Amino acid sequence: MTRLFNFQREGNVNIVLIGAQGSGKGTQAEKLSSVLGMCHVSSGDLFRKAFKDKTDLGMKAKFYVDRGELVPDELTVAMMLEYMEALHNVEGFLLDGFPRTLSQAEALDHGLARVGQQIDLAIHLEVPREVLLRRLSGRYICQAHQHVYNISSRPPKVHGICDIDGSELYQRSDDTGHAVQQRLTIFFNETIRLLDYYSDQYKLVTVNGNQSIEQVRADMLYAVDTSMVPAWQIASFSKTVPSKLTAS
């Protein structure tokens with residue numbers, strides 16, 4: 001049964017979305033930010049713009065991305081904090097693809113504290129590695145606005161063309177071969193440490209990402225809804241949330 005939401009909150013709510021490449025976090029971030037009226041901040045979009053504009057930062061970051069490696073923290077943190085500090089009159093933000101390492105998470109917390117903000121909730125989209133590999137092997141993205149398709153689960157109406165803007169679809173260099181294997185290895189060996197970091201702060205909720213897009217979105221909304229209680233109560237969520245969610 002899908003739950004109906006009457007979402008209310010006081011003040012801004014800032015969310016981190018954690019998930020491996022292919023977990024669907026970009027798709028879910030767009031939907032969740034739209035429903036909640038939040039600003040969707042995607043590190044991937046910021047980097048791709050830097051690649052397209054051929055900025056100094058973009059060229060340095062692209063070297064690592066093309067090899068399936070994480071962009072060094074000093075490049076990522078500086079760019080993300082500068083962008084977020086420039087945001088005004090937004091109802092909170094949803095971070096997609098950042099932070100990816102423990103040091104980034106710590107730097108983010110310190111940077112937000114300087115402007116009187118914090119991360120309120122971390123949502124982990126959990127998907128088995130074999131499912132991620134299958135999804136990524138068929139993933140294509142449009143040139144114009146990065147709309148995501150999959151030749152198996154979400155094919156375009158016209159082969160190779162985006163349904164929304166008509167631009168050509170392409171497969172990212174880090175979605176193929178050794179690069180995708182390397183990125184998943186990095187996630188499961190390094191990025192996964194973020195779970196302990198946010199769990200220790202009673203801010204982590206895990207959502208089963210191996211479901212339909214609609215069900216994942218419903219579970220994420222439930223996670224946000226239940227996070228609006230005092231932090232000390234979050235540890236008891238496992239008794240009240242759907243079985244597909246795990247609170248820490």
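For clarity, every value in this text was computed on a predicted model and none was experimentally measured.
Listed by chain and number, the residues in a side chain to side chain donor-acceptor pair (under 3.5 Å) with Ser34 amount to none (sequence neighbours excluded). Partners of Ile192 according to the side-chain contact (heavy atoms from CB on, under 4.5 Å) rule, which considers only residues two or more places apart in sequence or in another chain, are His124, Phe187, Leu195. With sequence neighbours excluded, no residue forms a side chain to side chain donor-acceptor pair (under 3.5 Å) with Arg100. Scored by the side chain to side chain donor-acceptor pair (under 3.5 Å) test, His145 finds Asp165 as partners (sequence neighbours excluded). With sequence neighbours left out, Asp53 forms a salt bridge (Lys or Arg N to Asp or Glu O under 4.0 Å) with Lys49. In this structure, the side-chain contact (heavy atoms from CB on, under 4.5 Å) partners of Glu30, at least two apart in sequence or on a different chain, are His40. Not counting sequence neighbours, the partners of Gln21 by the side chain to side chain donor-acceptor pair (under 3.5 Å) test are Asp175, Arg183. Partners of Arg48 by salt bridge (Lys or Arg N to Asp or Glu O under 4.0 Å), not counting sequence neighbours, listed by chain and number: Asp45.
Other residues sharing the hydrophobic cluster of Leu169, ordered by chain and number and joined by side-chain separations under 4.5 Å: Tyr140, Tyr149, Ile151, Ile164.
Under the salt bridge (Lys or Arg N to Asp or Glu O under 4.0 Å) criterion, no residue pair touches residues 16-28, with sequence neighbours excluded. Under the side chain to side chain donor-acceptor pair (under 3.5 Å) criterion, the residue pairs touching residues 125-135 are Arg129-Gln181, Arg129-Thr185, with sequence neighbours excluded.
A donor-acceptor contact shorter than 3.5 Å links the side chain of Asn14 to the backbone of Phe93.
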- Worked verdict on Ile123 versus Thr206 for side chain to side chain contact (heavy atoms under 4.5 Å, CB included): CA-CA 6 Å; Ile123 302 176; Thr206 295; over 6 Å; no
- Task: Apply side chain to side chain contact (heavy atoms under 4.5 Å, CB included) to Tyr197 and Lys203, showing your working.
- Result: CA-CA 9 Å; Tyr197 180 75; Lys203 295 179 179 179; over 6 Å; no
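Applying the 6.0 Å contact sphere to CD of Glu168 captures no more than 12 heavy atoms from other residues, nucleotides or ligands.
One distance of note links CG of Asp109 with CD of Gln117; it measures 12.0 Å at 0.5 Å rounding. Atom NE2 of His110 sits about 10.5 Å away from atom CG of Leu112, to the nearest 0.5 Å. Of the inter-residue distances, the one linking Tyr198 atom OH with Ile18 atom CD1 reads 6.0 Å to the nearest 0.5 angstrom. Once rounded to the nearest 0.5 Å, the distance linking CG of Leu121 with CG of Leu204 reads 8.0 Å.
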Hey, can you pull the donor-acceptor pairs under 3.5 Å for the side chains in residues 64-76, sequence neighbours left out?
from  : atom 1 : to     : atom 2 : distance (Å)
Asp66 : OD1    : Ser173 : OG     : 3.1
Asp66 : OD2    : Lys62  : NZ     : 2.6
Arg67 : NE     : Glu69  : OE2    : 3.4
Arg67 : NH2    : Glu69  : OE2    : 3.1
Asp73 : OD1    : Thr101 : OG1    : 3.2
Asp73 : OD1    : Gln104 : NE2    : 2.9
Asp73 : OD2    : Thr101 : OG1    : 3.3
Asp73 : OD2    : Ser103 : OG     : 2.0
Thr76 : OG1    : Pro72  : O      : 3.4

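You'll find the side chain of His147 stays beyond 4.5 Å of the side chain of Ile141, heavy atoms only. The side-chain heavy atoms of Leu94 and Val41, taken from C-beta on, include no pair separated by under 4.5 Å. Using a 4.5 Å heavy-atom threshold, the side chains of Leu133 and Leu184 count as touching. Put simply, the side chain of Ser23 reaches to within 4.5 Å of the side chain of Leu132, judged on heavy atoms. Inter-residue side-chain proximity for Leu36 and Leu221 is flagged as met; some heavy-atom pair is nearer than 4.5 Å. When side chains are defined from C-beta on, Ile119 does not count as touching Ile15, because their heavy atoms never get closer than 4.5 Å. Taking the side chain as every heavy atom from C-beta outward, Ser167 and Ile161 never approach each other to under 4.5 Å. Side-chain atoms of Leu108 and Leu95, non-hydrogen and from C-beta on, do get closer than 4.5 Å to each other.
No path of Ile, Leu, Val, Met, Phe, Trp and Tyr side chains, each step under 4.5 Å between heavy atoms, connects Val127 with Val148, placing them in separate hydrophobic clusters. Cluster annotation: Tyr170 is not connected to Phe51 through the hydrophobic network of ILVMFWY side chains, with a link wherever side-chain heavy atoms come within less than 4.5 Å. Transitive grouping of hydrophobic side chains (ILVMFWY, heavy atoms separated by less than 4.5 Å) keeps Ile213 and Leu32 in distinct clusters.
Annotation for Asp96 and Gly26: closest pair OD2-CA, 3.5 Å, computed over non-hydrogen atoms. For the residue pair Asp163 and Lys157, the shortest heavy atom distance occurs at OD1-N, 2.8 Å. Considering every non-hydrogen atom in both Leu194 and Pro99, the closest pair reads CD1-O, 3.1 Å.
With no hydrogens or angles considered, a side-chain donor-acceptor pair links Gln211 and Asp219 at under 3.5 Å.
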